[in-house]
Amino acid sequence: QTAGVVTRELLRMRDCAVVLRANVRLPMVLNTVLQVGNHLNDGTNKGNFSNFAVSTLPQLHQFKATAAKLQGLSLLHYVVAAVPAECHQIFDEEEQQMMRWASGRK
């Protein structure tokens, strides 16, 4: 029984990976995040990176602008504005459905 559960979970994980690898918009979004991070860190020992940890993505909303006219805006707001409009919907409906199924949600 345990082997069956593990097998199902591995198949779900594989299916998620297939959807992520086939998506053409996700790399554009991630590249925008990388470019913004490199721009912000230009001139420091943290600038000019070629990759970043995916675990940093949930933290984008924590970096807030300090300028008075941008009060309340986060790095996430900026990234969304910098991403090409065709990438705002990263996953189409079929991909979203597959990801929900693969993650165990219906």
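Note: hydrogens, waters and symmetry copies are ignored here, and every other heavy atom, side chains too, is used. Everything numeric here is computed off the predicted structure, so don't read it as measured data.
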Can I get a per-line list of side-chain donor-acceptor pairs under 3.5 Å for residues 57-65, giving both atom names and the distance, sequence neighbours left out?
| unit_1 | atom_1 | unit_2 | atom_2 | d |
| --- | --- | --- | --- | --- |
| H61 | ND1 | P58 | O | 2.8 |
| K64 | NZ | H61 | O | 3.4 |

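F49 is not listed as a side-chain neighbour of N41, based on a closest heavy-atom distance of 4.5 Å or more. Inter-residue side-chain proximity for F52 and V33 is flagged as met; some heavy-atom pair is nearer than 4.5 Å. Between E95 and Q89 the shortest side-chain heavy-atom distance does not fall below 4.5 Å. Looking at heavy atoms from C-beta onward, V19 lies out of side-chain contact with E94 at the 4.5 angstrom threshold.
Hydrophobic clustering (side-chain heavy atoms under 4.5 Å, transitive across Ile, Leu, Val, Met, Phe, Trp, Tyr) groups V54 together with L76.
The local environment of CZ in F91 is crowded, with over 12 non-hydrogen atoms from other residues, nucleotides or ligands closer than 6.0 Å.
Atom CG of L34 is separated from atom NE2 of H39 by 13.5 Å, given to the nearest 0.5 angstrom. The structure places OG1 of T44 at 9.0 Å from CG of N38, a figure rounded to the nearest 0.5 Å. The OG1 atom of T7 sits 12.5 Å away from the CZ atom of R12 when rounded to the nearest 0.5 Å. A distance of 9.5 Å separates CG in L11 from CD in E9, rounded to the nearest 0.5 Å.
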Decide yes or no on side chain to side chain contact (heavy atoms under 4.5 Å, CB included) for V36 and Y78, but give the supporting numbers first.
CA-CA 9 Å; V36 168; Y78 183 81; 3.7 Å; yes
Determine, step by step, whether L75 and L40 satisfy the side chain to side chain contact (heavy atoms under 4.5 Å, CB included) criterion, reporting the C-alpha distance in whole Å, the side-chain angles of both residues, the deciding distance to 0.1 Å, and the verdict.
CA-CA 10 Å; L75 187 54; L40 290 173; 3.6 Å; yes
